[in-house]
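Residues take their numbers from the sequence shown, with the count starting at 1. The figures here come from the full heavy-atom set of this structure, side chains too, leaving out hydrogens, waters and symmetry mates.
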Amino acid sequence: MNNAVLWISIFLGIGSVLTLIFAFRKVVKDKKEFANLALFPEQNPNPVIEVRLTGEVSYMNPAAKRLFPELQVSGFEHHLLAEISTRLDEFRNGSLKMYACELVVDEHIYEQKVYAIPESNILRVYSSDITKQKETEARLGNLALFPEQNPNPVIELKLDGTVSYLNPAAKNRFPDMQQKGISHPLFANIFTKIDSFRKKELQNFNCEITVNEAIYEQKVFALAESNLLRVYSSDITNQKEIEKRLANLALFPEQNPNPVIELRLNGTVSYLNPAARKRFPDMQEKGSSHGLFDIIRPQFESFQKGELSSYLCEITIGEEVYEQKVYAIPESKILRVYSSDITERKRTEKIIRQKNEDITDSINYAKRIQRSMLPREEEISEILRDHFVLYMPKDIVSGDFYWVTSVQLTPQGKEIVKDERLAIVAAVDCTGHGVPGALMSIIGNTLLNQTIKNPNINSPAEALDFLNQELPKNLKANKGEVIRDGMDMTMCAIDFKTRTVHFSGANNPIFLLRDGVMSELKADKQPVSGSTDEEKKPFTNHVLKLKKGDIIYMFTDGYADQFGGPKGKKFKYRPFQELLLRNSSLPMEKQRTELERIILEWRGELEQVDDVLVIGIRL
């Protein structure tokens, strides 16, 4: 009983491993497969041999050398090649392209697949050791254990054609089998053998069957005393697909639309596929002196010494550009060269590169225009005095911008005093970033400039209301079009003489530091919107009395929303607030450099997700 369990486990284990291997190989992309094509035999754990039709062994992979060290000398006289030698005439006259067989060598059973490479007069032999598989198959005839646990369908079929048992895998895969019995498509091949089983002329039967595009390998065993057939069906669809690819492996160079060449290290050309013969008719004659090999030729010595096993380069022949992948086959002293015509790709890359340069030049010019719109540092210093501005656009141009100006104070009933001016500053985050955000920023900046010329605007809240009314007029939606663009922003009007601040915010708050305590002044939960469909409420104007040393922090959401850190998460507002508090005792310019350093460290190798703007003002 325990031995039976062991063999079942081995059988299932082998099946699972094969399934994983096939599934893994299936997802490998064609380009990677071709790049590794020359190395495939070297990595194959089973023997791979190339033998000339004259009987000489021209190549053995490491597995073949280890298992059959005498094969190089014995040639077709070796037991491993004995079966093949009987079919040589068919391979020579071209009537046989592929041959499969099983044979026994030193008590091991090998399944062989032989493929002809006619142009090279070579046979490529893939030998798989299936000894354990055969032993397991032999034991399976006596197994009636644990079908419930088998991941593949196990069925018991009476000789009268009715189904007496289905394991869970069979029930799941073929829900109509119990009803259909032997007329089910899975039994199409078994049906033709049913008489032989009844007459006891047949004890077991192996076949393959396709059902609904799935291919099944079937092993059928007669249980004579019960008048039953036990049918083990393994889904080998993936395996068949891989085998089909392997069957085409030897033909790959012939079918490749790009040149494939085998070049001996002595400089002669041993093989040209049809594409190479057509493209370079003089190559066979010129050998390694052909222009296609000008870059490869200096590497010959490194290939001969084994210092180089593969090489990648590009070469231009006339007006054509070729990407070359070169792989060494040391045992044969051959270089296999895959040359892909990438002329069109290179031409396209050049066009794209030029267009990118043109676009980048245009955006850089737009950056100069946008930067000229921003207030100069000396102007800001004169108006805001002790301050900093951290401005980090995500792209070349930005959807965030800052606006700083001053207006003459006109106290009611009093004369205008020349030095009594009100500092006005805004931190604005337009919808989007890059070019779309920059275009919005120009509209926003233009509207802000209009606010200081409008005698009806006397507070930040009234300025935001004005923007809310005027923005839709500037965007002018077409009929049926809904405008979602707008701005989140904060605006402060600061009287440094009386230390009074008027503040209004569209979605964005400000932070106020006083005596080592950081507080948040809330904004209205609405943006400055370009839409005409939304209900627009008046913005709230907050008036604050501050004292010397207080710091106002204005910002957009870019800093807090930046992904980074060990877990790739957002920085968030609470840590941002704590960071500002921790650095608040530093000089303002030092605060700016610390903010920049920390966000860059936090971001690391990740992309900047949004424009960043932080403004600090100390009273």
Side-chain angles (χ1 to χ4, degrees), residues 367 370-406 423-430 433 437 441 445 488-492 494 496 501 503 505 508-514 516-521 546 548-565 570-604 606 608-619:
K367 175 186 175 180
Q370 187 182 41
R371 289 289 178 138
S372 69
M373 174 186 83
L374 299 174
R376 292 191 298 272
E377 178 57 34
E378 53 268 28
E379 294 173 347
I380 301 174
S381 295
E382 185 178 344
I383 295 169
L384 298 183
R385 304 170 189 175
D386 196 10
H387 76 284
F388 73 80
V389 176
L390 173 63
Y391 184 55
M392 299 171 62
K394 176 187 184 299
D395 303 307
I396 299 172
V397 290
S398 173
D400 285 10
F401 72 98
Y402 50 97
W403 182 77
V404 181
T405 189
S406 65
I424 305 175
V425 56
V428 188
D429 181 359
C430 298
H433 45 72
S441 75
N445 189 77
D488 293 339
M489 63 185 295
T490 54
M491 180 182 282
C492 289
I494 306 170
F496 282 96
V501 175
F503 156 69
N508 288 352
I510 63 172
F511 293 154
L512 173 63
L513 177 82
R514 172 176 290 176
V517 177
M518 187 77 75
S519 59
E520 178 181 336
L521 299 174
L546 305 183
K548 185 175 177 59
D550 288 353
I551 303 177
I552 297 169
Y553 293 103
M554 305 169 68
F555 46 85
T556 59
D557 59 1
Y559 203 103
D561 285 350
Q562 178 61 48
F563 289 98
K570 285 186 178 183
F571 194 90
K572 295 186 179 179
Y573 280 99
R574 179 59 64 81
F576 174 50
Q577 194 175 27
E578 291 171 353
L579 174 62
L580 292 172
L581 178 60
R582 190 163 60 249
N583 292 330
S584 60
S585 61
L586 298 173
M588 298 304 279
E589 178 57 23
K590 181 64 174 174
Q591 289 189 43
R592 187 198 69 79
T593 58
E594 278 298 289
L595 283 171
E596 183 177 22
R597 180 186 66 80
I598 288 169
I599 200 62
L600 290 175
E601 287 181 359
W602 174 262
R603 189 181 86 194
L606 297 180
Q608 184 173 332
V609 297
D610 199 359
D611 303 314
V612 172
L613 173 61
V614 184
I615 301 172
I617 307 163
R618 195 194 303 268
L619 274 77

message: I'd like to know whether CD of Glu379 has more than 12 heavy-atom contacts from other residues, nucleotides or ligands below 6.0 angstrom.
response: yes
query: What is the minimum heavy-atom distance between His387 and Ser381, and which atoms define it?
result: CE1-OG, 3.3 Å
Rounded distance (nearest 0.5 Å) linking atom CG of Leu390 with atom OH of Tyr402: 10.0 Å
- request: Specify the closest pair of heavy atoms between Leu513 and Ser584, including all atoms of both residues, with the distance to one decimal.
  value: CD2-CB, 3.1 Å
task: Find the distance between OG1 (Thr405) and CD1 (Ile380) and round it off to the nearest 0.5 Å.
output: 11.0 Å
field: Val609 backbone acceptor or donor facing Gln562 side chain under 3.5 Å
entry: yes
message: Taking CZ in Arg376 as the centre, count heavy atoms belonging to other residues, nucleotides or ligands within less than 6.0 Å. Is the count above 12?
response: no
- request: Write down the atom of Trp403, the atom of Ile424, and the distance for their closest heavy-atom approach.
  value: CZ3-CG2, 3.6 Å
- prompt: Rounded to the nearest 0.5 Å, what separation is found between the OH atom of Tyr553 and the CG atom of Leu595?
  reply: 8.0 Å
statement: Taken to the nearest 0.5 Å, the spacing of Arg385 CZ from Ile383 CD1 works out to 10.5 Å
- prompt: Quick one: CD on Glu520 to CG on Leu512, what's the gap to the nearest 0.5 Å?
  reply: 11.5 Å
- request: Indicate the atoms forming the closest heavy-atom contact of Met373 with Asn445, along with that distance.
  value: CG-ND2, 3.1 Å
message: Please enumerate all residues that pass salt bridge (charged side-chain N to carboxylate O under 4.0 Å, His left out) together with Glu377, with sequence neighbours excluded.
response: none
task: Decide yes or no for Lys590 and Glu594: does some side-chain heavy atom of the first lie under 4.5 Å from some side-chain heavy atom of the second?
output: yes
All N/O donor-acceptor pairs, side-chain side in residues 610-619, below 3.5 Å, sequence neighbours left out:
from: Asp611; atom 1: OD1; to: Lys394; atom 2: N; distance (Å): 2.7
from: Asp611; atom 1: OD2; to: Ser398; atom 2: OG; distance (Å): 3.4
from: Asp611; atom 1: OD2; to: Gly399; atom 2: N; distance (Å): 2.8
from: Arg618; atom 1: NE; to: Asp386; atom 2: OD2; distance (Å): 3.1
from: Arg618; atom 1: NH2; to: Leu586; atom 2: O; distance (Å): 3.0

task: If the plane angle is over 60° it's perpendicular, under 30° parallel, otherwise tilted; pick one for Phe555 and Phe511.
output: tilted
field: Test side chain to side chain contact (heavy atoms under 4.5 Å, CB included) applied to Asp488 and Asp400, Val428, Asn508, the passing residue
entry: Asn508
field: For the student: nearest non-hydrogen atoms of Cys492 and Ile510, plus distance
entry: SG-CD1, 4.1 Å
Only pairs under 3.5 Å count here: list side-chain donor-acceptor contacts from residues 574-582, not counting sequence neighbours, and write none if there are none.
none

message: Would you compute the distance between atom CD1 of Ile599 and atom CE of Met392 and round it to the nearest 0.5 angstrom?
response: 7.0 Å
- prompt: Looking at Met588 and Ile551, what are the two nearest heavy atoms and their distance?
  reply: CE-CG2, 4.1 Å
